[in-house]
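See below for the structure under consideration.
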Amino acid sequence: MSQKASPRGTFLKIADVMRAEIDAKPEMAELPSAAELMREHGVSRGVALRVFGVLEKEGRAERVPGGRWRVIRPGQERDRRPLAELVAEVIRSDNLNLGDKFPSTSALATRFSVSRPTVAKALDKLEAAGVLSTSQQGKQRTVLALPGREERS
């Protein structure tokens with residue numbers, strides 16, 4: 001089996017192609033998978049991963065759990081805090097008080113553009129911290145504590 005030698009910097013040339021594709025397609029939200037890059041450009045997995053690394057370093061892409069890469073556009077600011085912190089912030093941003101009903105898992109998944117199981121994990125952390133009541137079928141969670149504020153007895 002013969003292999004053609006690749007010139008040095010192949011990953012940089014592919015990164016240039018990917019940058020041009022990102023700029024030309026405003027609707028592009030995800031990068032192709034490593035397997036797709038390998039097939040399309042005839043390169044190894046290591047070269048494909050280096051392409052993703054270049055785009056990540058430039059702030060044009062970020063890794064998404066599950067192995068995919070999301071396109072980040074200039075001016076597209078995103079809060080990088082853990083989801084549990086963002087979900088806890090809902091209490092403040094929605095002006096919720098002790099005993100108030102907390103938004104559903106589905107509503108939070110839509111609000112943060114993540115899957116319901118991902119939101120469920122964040123909610124589990126807040127339940128364990130005593131911020132939210134435990135989840136029960138047919139009963140909505142309620143706020144038990146206000147995160148980041150001192151409780152006075």
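Not measured: the values here are computed from a predicted model.
- A 6.0 Å sphere centred on CD of Gln137 holds no more than 12 heavy atoms belonging to other residues, nucleotides or ligands.
- The hydrophobic clustering, which links ILVMFWY residues whose side-chain heavy atoms are closer than 4.5 Å, places Met38 and Phe11 apart.
- Residues Val17 and His41 are in side-chain contact: their nearest non-hydrogen atoms beyond the backbone lie under 4.5 Å apart.
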Next on the checklist: With side chain to side chain contact (heavy atoms under 4.5 Å, CB included) as the criterion, how do Arg116 and Val119 come out once you've worked through the C-alpha distance, each side chain's angles and the decisive distance to 0.1 Å?
Outcome noted: CA-CA 5 Å; Arg116 287 179 48 219; Val119 171; 5.6 Å; no
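- Under the 4.5 Å side-chain heavy-atom criterion for ILVMFWY residues, a single connected hydrophobic cluster contains both Leu12 and Val47.
- Judged purely by atom type and a 3.5 angstrom limit, Ser133 uses its side chain to pair as donor or acceptor with the backbone of Thr142.
- For the pair Ala145 and Ile91, the tightest heavy-atom approach, listed with the atom from each and the gap, is O-CD1, 4.0 Å.
- The hydrophobic clustering, which links ILVMFWY residues whose side-chain heavy atoms are closer than 4.5 Å, places Val54 and Leu49 together.
- Residues Leu96 and Leu98 share a single hydrophobic cluster, defined by chaining ILVMFWY side chains whose heavy atoms lie under 4.5 Å apart.
- Side chain of Glu56 to backbone of Arg63: no donor-acceptor contact under 3.5 angstrom is found.
- Nearest heavy-atom pair, Leu31 versus Ala61, reported as atom, atom and distance to 0.1 Å: CD1-CB, 3.6 Å.
- Under a cut-off of 6.0 angstrom, the local environment of CZ in Arg50 is sparse, with at most 12 non-hydrogen atoms contributed by other residues, nucleotides or ligands.
- Taking both residues in full, the closest heavy atoms of Asn97 and Asp100 are given as N-OD2, 2.6 Å, listed atom of the first, atom of the second, then distance.
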Next on the checklist: If you apply the rule side chain to side chain contact (heavy atoms under 4.5 Å, CB included), what do you find for Arg60 with Asp23, and how did you get there?
Outcome noted: CA-CA 10 Å; Arg60 290 180 149 264; Asp23 292 342; 3.2 Å; yes
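- Atom OG1 of residue Thr105 and atom NZ of residue Lys121 lie 13.5 Å apart, to the nearest 0.5 angstrom.
- Within 6.0 Å of CZ in Arg68 there are more than 12 heavy atoms belonging to other residues, nucleotides or ligands.
- Shortest non-hydrogen contact noted between Phe112 and Leu86 is CZ-O, 3.6 Å.
- Nearest heavy-atom pair, Phe102 versus Val87, reported as atom, atom and distance to 0.1 Å: CZ-O, 3.5 Å.
- Annotation: the span from Glu62 atom CD to Trp69 atom CH2 amounts to 9.0 Å, rounded to 0.5 Å.
- A distance of 14.0 Å separates OG in Ser106 from CZ in Arg111, rounded to the nearest 0.5 Å.
- Glu36 places a side-chain N or O within donor-acceptor distance of the main-chain N or O of Ser33, the cut-off being under 3.5 Å.
- Going from atom CE of Met28 over to atom CE of Met18 covers 4.0 Å, rounded to the nearest 0.5 Å.
- Here Leu144 contributes atom CG and Leu132 contributes atom CG; the two are 6.5 Å apart, rounded to the nearest 0.5 Å.
- Judged by distance alone, the side chain of Arg73 and the main-chain N or O of Ile22 form a donor-acceptor pair under 3.5 Å.
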Next on the checklist: Using salt bridge (charged side-chain N to carboxylate O under 4.0 Å, His left out), reason through Lys13 and Asp16 one step at a time and then give a plain yes or no.
Outcome noted: CA-CA 5 Å; Lys13 292 176 185 174; Asp16 288 340; over 6 Å; no
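- Across all non-hydrogen atoms, the minimal contact from Leu108 to Pro103 is CD1-O, 3.8 Å.
- To the nearest 0.5 angstrom, Leu83 atom CG is 12.5 Å from Glu89 atom CD.
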